[in-house]
Amino acid sequence: MMLLFLVFFPMAAAVCSYLIGRKDKKLRDHAVQSFCLIEFAVAAAAMGLVVAGKELSAAIPGFCGFGLSFQLDGFRALYALVAGVMWLMTSLLSGDYFAHHYRNRNRYYFFFLLTQGATVGVFLSADLFTTFIFFEVMSFTSYTWVAHDETPGAMRAAETYLAVAIIGGMVMLMGLFLLWNAVGTLTISELYEAAKACPRKGTIWAASICILFGFGAKAGMFPLHIWLPKAHPVAPAPASALLSGILTKSGIFGVIVVSANIFRASTAWGNMLLVLGLITMLGGAVLAVFSINLKRTLACSSMSQIGFILTGIAMGCLLGEENALAARGALLYMVNHSLFKLVLFMAAGVVYMNLHKLNLNDVRGFGRNKPLLHIVFLLGALSIACIPFVGSGYHSKSLIHESILEYIAYLNGMGVSTANYQFVEGLFVFSGGLTVAY
């Protein structure tokens with residue numbers, strides 16, 4: 001019952017907030033904040049159950065012939081809690097942010113809560129069909145965030161976002177059909193044994209690449225990153241924080257499911273994912289260095305940080321059973337990026353709601369005599385740059401870096417050339433330097 005509450009309570013709350021907003025806008029703002037607080041409290045309680053050693057599951061049979069199934073374990077509980085934190089914090093900012101010069105606030109809050117339910121549904125899903133259903137709901141409900149201002153630029157960005165989401169979703173669905181046909185199950189916990197026993201390896205590869213395409217599109221992975229630099233500058237700052245901090249992680253969740261359950265210890269898959277991660281990591285950092293729009297810089301930064309996470313997942317595949325450093329580094333990096341980008345986008349929102357400008361040359365000097373804004377933005381910036389002793393960003397990046405060095409040492413012990421992976425390590429460090437630069 002708790003799992004179903006976590007998924008469907010925000011959706012029911014969305015309807016309530018819309019009806020309240022038609023009568024009293026101030027009451028609606030407080031109601032949305034209360035709904036987010038309740039969701040956070042239940043997510044915290046669920047995390048407490050997991051810490052106590054309990055695992056929960058729930059199902060809705062008969063939906064489209066497959067049914068919907070949910071599961072609560074450590075990772076799922078953690079990201080349900082992260083989602084609760086992020087929606088609660090952005091709901092607190094949204095009241096002031098939308099107080100002036102904004103219309104369609106009722107619509108915004110309606111889809112704000114719908115997207116929360118869909119996102120939690122993705123993270124709690126126990127099979128890839130359930131993941132797909134909520135993933136697509138999340139894509140369509142979050143589209144309204146990008147289009148919210150309804151300016152020509154916002155509508156063009158929203159069209160790009162929707163096109164990438166639809167194409168990614170269709171390709172992913174094709175991959176799910178192929179995977180079901182090959183292994184006979186979409187239940188995440190059964191995929192490893194089913195894929196290992198399946199003789200149709202070519203079909204599994206084709207299916208997995210299609211699924212990676214769909215999840216990678218939402219994550220902002222190269223070459224499917226094109227929506228990120230367009231969507232963030234035009235979306236409201238609270239929505240940008242969620243798009244960057246948590247919706248991209250729903251894509252990473254799918255990448256982890258495929259990598260850990262179908263291609264566990266696969267060198268070929270690990271190398272393919274490593275190349276994509278490195279290009280995403282470096283490309284996003286270079287774009288961020290040359291950006292002069294505050295939110296676009298943060299959006300390109302998100303692309304780069306996703307590349308670091310993908311690199312960690314790839315090293316997990318390459319290291320196989322000895323992947324503890326890579327696995328822990330990637331997970332910690334995910335959580336860090338979610339929380340640090342929440343801080344940075346909310347700080348950018350404070351700048352925009354006062355100046356209605358994002359060009360760094362125009363906003364230069366705004367922070368004078370604002371010590372709280374100084375401290376908040378500085379902590380977020382130093383954390384995302386992984387400066388030692390500031391947050392846990394340094395630890396997560398160091399763990400992934402050490403996993404690369406661990407793989408190089410392993411190959412040296414096997415007498416295999418490590419020139420390629422030494423280049424990977426150099427590129428990883430260089431991209432970290434670019435993070436400090438932007």
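Residue numbers start at 1 and run along the sequence shown. Since the structure is predicted, the reported quantities are computational estimates derived from the model, not experimental observations.
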Nearest heavy atoms of Leu178 and Ala207, plus distance in Å: CB-CB, 3.6 Å
For Cys16, all residues meeting side chain to side chain contact (heavy atoms under 4.5 Å, CB included), sequence neighbours excluded: Phe35
Among Leu3, Leu6, Val120, Leu56, the one residue meeting side-chain contact (heavy atoms from CB on, under 4.5 Å) with Phe70: Leu3
Non-hydrogen side-chain atoms of Ile252 and Ile306 separated by less than 4.5 Å: yes
Minimum heavy-atom distance between Ser139 and Ala165, given as atom pair plus value: CB-CB, 3.8 Å
Taking every non-hydrogen atom, the tightest pair across Lys357 and Tyr352: N-CD1, 3.6 Å
Criterion side chain to side chain contact (heavy atoms under 4.5 Å, CB included) on Phe129 and Leu68, from CA distance to verdict: CA-CA 8 Å; Phe129 175 74; Leu68 301 176; 4.3 Å; yes
Neighbour count above 12 (heavy atom, 6.0 Å) for Phe430 CZ: no
Any donor-acceptor pair under 3.5 Å from Thr141 side chain to Val137 backbone: yes
Distance-minimising heavy-atom pair for Leu243 and Ala235: CD1-CB, 4.2 Å
Plane angle bin for Phe75 and Phe253 - parallel if under 30°, tilted between 30 and 60°, otherwise perpendicular: parallel
Note, Pro238 side chain near Ser94 side chain (heavy atom, < 4.5 Å): yes
Listed partners of Arg107 passing salt bridge (Lys or Arg N to Asp or Glu O under 4.0 Å), at least two apart: Glu150
Donor-acceptor contact present, side-chain Thr160 to main-chain Arg156, <3.5 Å: yes
Any residue meeting ring-ring contact (aromatic ring centres under 6.0 Å, His included) with Phe308, in chain and number order, not counting sequence neighbours: Tyr333, Phe428
Minimum side-chain heavy-atom gap Asp29-Tyr109 below 4.5 Å: yes
Side chain to side chain contact (heavy atoms under 4.5 Å, CB included) involving Met89 - partner list, sequence neighbours excluded: Val85, Leu92, Leu342, Met346
Side chain to side chain contact (heavy atoms under 4.5 Å, CB included) assessment of Val424 paired with Tyr407: CA-CA 11 Å; Val424 166; Tyr407 192 61; over 6 Å; no
Validation row: Val258, Leu128 side chains within 4.5 angstrom (heavy atoms): no
Which atom of His337 lies closest to which atom of Ile384, heavy atoms considered: CD2-CD1, 3.8 Å
Test: Arg264 cationic atom under 6.0 Å from Tyr192 six-membered ring centre, within 45° of axis: yes
Nearest-0.5 Å distance that lies between atom CG in Leu113 and atom CD in Glu39: 9.0 Å
His401 NE2 to Met315 CE distance, which is reported to the nearest 0.5 Å: 10.5 Å
CZ/Phe9: more than 12 non-hydrogen atoms of other groups inside 6.0 Å: yes
Point-to-point distance, once rounded to the nearest 0.5 Å, from CG of Leu191 to CG of Leu179: 6.0 Å
Pairs flagged by salt bridge (charged side-chain N to carboxylate O under 4.0 Å, His left out) wherever residues 72-90 is involved - sequence neighbours left out: Asp73-Arg76
CE (Met170) with more than 12 external heavy atoms under 6.0 Å: no
Sequence neighbours excluded, every pair satisfying ring pair (Phe, Tyr, Trp, His ring centres under 6.0 Å) that has a member inside residues 36-57: none
Residue pair Lys201 / Ala195: nearest heavy atoms and the distance that separates them: NZ-O, 2.8 Å
Straight-line distance of Ile400 CD1 to Leu332 CG, nearest 0.5 Å: 8.5 Å
I'd like a table of donor-acceptor pairs (distance under 3.5 Å, sequence neighbours excluded) in which one partner is a side-chain atom from residues 269-293, with atom names and distances.
unit_1	atom_1	unit_2	atom_2	d
Trp269	NE1	Ser259	OG	3.0
Asn271	OD1	Tyr421	OH	2.5
Asn271	ND2	Thr267	O	3.2
Asn271	ND2	Tyr421	OH	3.4
Thr280	OG1	Phe222	N	2.9
Thr280	OG1	Leu276	O	2.7
Ser291	OG	Asn293	N	3.3
Ser291	OG	Asn293	O	3.2
Ser291	OG	Thr297	N	3.3
Ser291	OG	Thr297	OG1	3.0
Asn293	OD1	Lys295	N	3.1
Asn293	OD1	Arg296	N	3.0

Those residues that, when tested against His30, pass side chain to side chain contact (heavy atoms under 4.5 Å, CB included) (two or more places apart): Lys26, Gln33
Ser338-Tyr79 side chain donor-acceptor pair, cut-off 3.5 Å: yes
Min side-chain heavy-atom separation Ile204-Phe263 under 4.5 Å: yes
Approximate separation, where rounding is to 0.5 Å, of Phe340 CZ and Ser302 OG: 13.0 Å
Pairs involving residues 118-135, ordered by first then second residue, that meet side chain to side chain donor-acceptor pair (under 3.5 Å) (sequence neighbours left out): Ser69-Asp127, Ser125-Thr131, Asp127-Thr130
Within 6.0 angstrom of Phe8 CZ, more than 12 heavy atoms from elsewhere: yes
Gap between atom OG of Ser250 and atom CZ of Phe135 - 0.5 Å precision: 4.5 Å
Leu212 side chain near Met221 side chain, heavy-atom distance below 4.5 Å: yes
Exercise: do Lys218 and Thr248 side chains pair donor with acceptor under 3.5 Å: no
4.5 Å side-chain heavy-atom contact, Leu176 and Phe132: yes
Salt bridge (Lys or Arg N to Asp or Glu O under 4.0 Å) partners of Lys196, counting only residues at least two apart: Glu193
Any residue meeting side chain to side chain contact (heavy atoms under 4.5 Å, CB included) with Ala330, in chain and number order, not counting sequence neighbours: Ile313
pair Leu49-Met2: side-chain heavy atoms closer than 4.5 Å: yes
Worked check of side chain to side chain contact (heavy atoms under 4.5 Å, CB included) between Leu247 and Thr115: CA-CA 9 Å; Leu247 266 66; Thr115 307; 4.2 Å; yes
Intermediate values then yes/no, side chain to side chain contact (heavy atoms under 4.5 Å, CB included), Tyr438 and Thr435: CA-CA 6 Å; Tyr438 65 67; Thr435 308; 3.4 Å; yes
Results of ring-ring contact (aromatic ring centres under 6.0 Å, His included) for Tyr161 - residues two or more places apart only: Trp227
